[in-house]
Amino acid sequence: MLTVVLCVSCRKAENVVVNERRDLVVADQGNHSLIAVMPPEWRQVPSTEFRMLNYRFGDSGEVFVGRSRGGLLPNINRWLGQFGKPALESADELPTVMMLGQSGVLINASGDFAGGMGRPARKNAGLAGVIAAIGDQLVTVKMMGGAEDVAAEQERLIKFCEALRIQEAGEY
C-alpha cells in the first residue's frame, strides 16, 4: 500500500500550454511602481484590489490612489455627481496640480455624498482629488471625509500628489 502512495506522488508533471492572452488589470498588478511620501498625519492601511495606495486621516477620512479609464471629464463628472453637483462641460477652468510629471486637475466638492462604490451616503461630506492622464490611463488620488476635515487636509493632498513619483528601474 505504501508503494502505491509513493508512486502516485512520483508521477511526471504534465506540460501546460498557454494558448490565450488577456491584458493585465489593476488586480494583477499587486506591486505597483509608485513611490509616495506619506504625510505624518496620515496612517497607511493595506491596499485593496482597486487602491494601489491607501491611507486614513482624522477620525474617518481616507485618501487613496488608483487607476481608471474612461476619460478625464467623465471621471470628474462622476465624482461631482456623487455630491449632486452639475456636470462640467470642460475641465479647462479647474485648478491644476503637477503629478507624475503631468498636469492633473484638482476637483473639490462638498455637501451630501450620495454613496456608491461600497460607501454609504453621508451628510456634510467633502472630496478633494487630483486626476492626471498618464499614458492611456488615469491616475487618481481621491480624498474623502467630513467637509471640514477634507478642507483642512487639502494642502497635504496637493503636496502628496506633487511628490508622487514612478519608481525607476533597479530602485528599491
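Inter-residue side-chain proximity for V141 and L157 is flagged as met; some heavy-atom pair is nearer than 4.5 Å. Side chains of V65 and T140 form no contact here, defined as non-hydrogen atoms less than 4.5 Å apart. Under the 4.5 Å side-chain criterion, counting only non-hydrogen atoms from C-beta, L34 is not in contact with R165. For the pair K159/Q154, no side-chain contact is recorded, criterion being any heavy-atom separation below 4.5 Å from C-beta on.
By the criterion of side-chain heavy atoms lying less than 4.5 angstrom apart, applied directly or through intervening Ile, Leu, Val, Met, Phe, Trp or Tyr residues, M99 is not grouped with W79; the two fall into different hydrophobic clusters. F50 is not connected to M144 by any chain of hydrophobic side-chain contacts under 4.5 Å among Ile, Leu, Val, Met, Phe, Trp and Tyr, and they are in different clusters. L100 and L72 end up in different hydrophobic clusters when Ile, Leu, Val, Met, Phe, Trp and Tyr side chains are linked at under 4.5 Å. Hydrophobic clustering, with ILVMFWY side chains joined whenever heavy atoms are under 4.5 angstrom apart, keeps I76 apart from V63. Under the 4.5 Å side-chain contact rule for hydrophobic residues, F64 and V45 do not share a cluster.
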Would you mind writing out the side-chain donor-acceptor pairs for residues 105-112 within the sub-3.5 Å range, not counting sequence neighbours?
none

What donor-acceptor contacts under 3.5 angstrom involve side-chain atoms of residues 121-135, with partners at least two apart or in another chain?
| from | atom 1 | to | atom 2 | distance (Å) |
| --- | --- | --- | --- | --- |
| R122 | NH2 | S60 | OG | 3.1 |

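Residues satisfying the ring pair (Phe, Tyr, Trp, His ring centres under 6.0 Å) criterion with F83, sequence neighbours excluded, are F113. Scanning for salt bridge (Lys or Arg N to Asp or Glu O under 4.0 Å) contacts around R78 gives an empty result, with sequence neighbours left out. E153 pairs by the salt bridge (Lys or Arg N to Asp or Glu O under 4.0 Å) definition with R156, not counting sequence neighbours.
Here F160 and Y55 bring their ring centres to under 6.0 angstrom of each other.
Taking both residues in full, the closest heavy atoms of S47 and N54 are given as CA-CB, 4.2 Å, listed atom of the first, atom of the second, then distance. Minimum interatomic distance between L80 and L88 (heavy atoms only, all atoms of both residues): CD1-CG, 3.7 Å. Shortest non-hydrogen contact noted between L73 and E89 is CD2-O, 3.3 Å. Residues G71 and L138 come closest through the heavy atom pair O-CD1, 3.4 Å.
Evaluation of the salt bridge (charged side-chain N to carboxylate O under 4.0 Å, His left out) test over residues 125-151, restricted to residues two or more places apart or in two chains, returns R69-D136.
Under the 4.0 Å criterion applied to side-chain N and carboxylate O atoms, R56 and E41 are not assigned as salt-bridge partners.
In summary, the side chains of N75 and S68 do present a donor paired with an acceptor at a separation below 3.5 Å, with no hydrogens or angles considered.
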